[in-house]
There are 2 protein chains.
Amino acid sequence: MRLDETDHRLLAALADDARLPNNALAAKVGIAPSTCLTRVRHLREKGVIRGFHADVDPALAGRPLQAIIAVRMQGHARSRLTAFLHQLAELPGVLNVFLLGGAHDFFVHVAAPDSDGLNDFVVENLSVNPDVALTETNLIFRHVRASWY
Amino acid sequence: MRLDETDHRLLAALADDARLPNNALAAKVGIAPSTCLTRVRHLREKGVIRGFHADVDPALAGRPLQAIIAVRMQGHARSRLTAFLHQLAELPGVLNVFLLGGAHDFFVHVAAPDSDGLNDFVVENLSVNPDVALTETNLIFRHVRASWY
DNA sequence: TATGAAACAGCATAAGT
DNA sequence: ACTTATGCTGTTTCATA
């Protein structure tokens, strides 16, 4: 699939404001509303746009403490990596999970209510798992969601 | 600010689908549309909802190669951390920037068109900066955006 | 394939209970 | 906080180029 300049401008506009009405979006990009509608629909159907999400501030939603936990698995557990990836993503407070190549196997981006909650998360969901070799918790002081789009 | 059960359900629903119409949202949560409208407005005004964004697949938008680059700064550059944080967030291809406590100062989550593009990013934006002590590039094989909400 | 017009449907808003 | 009513805007379809 090939994206032209107009598509990129549509993506940029919707990444900035997912609720931009079709009329306003069309005007912003310089095409007719009907054209705009079909283009956006195509972008969704092709999977270029995966969805529209509200960006909730974890701190104001009761989880002020964020961390990225680096996880290394035991060598023999390689076959279970993908299953574990999705298992982690279902846990409360988990924001993102990254499957990596390199020194670590996972980065788990998590938001916890407090220090105890974070510790509990690591112990109960990671350390307790015999496939997990080691974890390394990095506290997040600031998180900037970039505008790219 | 205190969030009740209804607020949490609103947040969960909008985090899942930012474009859910107010009517449908109200029905889903079990409140009247007008009540729903005012509650969502409050959540936005208070900053609990920071915005609504389209989730664009970087791979299908011309940037199939993702990485998380760990960055350590020189000791004397601590005062410039925040400025650098926002500077990084403006660069093309940058998805997230995390300011950390611990062994590393930053994690930079970036999407590049290819291997050369990724290398260029690290060299031109990080290595070239005298405040940067070292970088460690971790390739991302899979990325799951968790459903928490 | 993009456009423009016109009919339709559906929502946001604000009143009153 | 809910219900109802109103005005309006987005959305869709179709014909056209």
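Just so you know, these numbers use all the heavy atoms, side chains as well, and skip hydrogens, waters and symmetry mates. Naming: A, B, ... by sequence-line order, numbering from 1 per chain.
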* Is B/Arg44 atom CZ crowded by more than 12 heavy atoms from other residues, nucleotides or ligands, each under 6.0 Å away? -> no
* To do: Give a yes or no on this: more than 12 heavy atoms of other residues, nucleotides or ligands lie within 6.0 Å of atom CZ of A/Arg39.
  => yes
* Nearest non-hydrogen partners of A/Arg145 and B/Asn96, listed with the distance -> CA-OD1, 3.7 Å
* Asked: OP1 or OP2 of C/dA2 less than 4.0 angstrom from a side-chain nitrogen or oxygen of A/Arg39, does that happen here?
  -> yes
* Asked: Taking protein heavy atoms under 4.0 Å as touching, what does nucleotides 7-16 of chain D look like 5' to 3' if B marks base contact, S marks sugar-phosphate-only contact and - marks none?
  -> ---SBB----
* Asked: Just how far, in rounded Å, is P of D/dA1 from CG of B/Leu10?
  -> 11 Å
* Asked: So, for A/Asp7 and A/Arg2, which heavy atoms are closest and what is the spacing to 0.1 Å?
  -> OD2-O, 4.2 Å
* **A/His143 and B/Phe98 aromatic ring geometry - parallel, tilted or perpendicular at 30°/60° bounds** => parallel
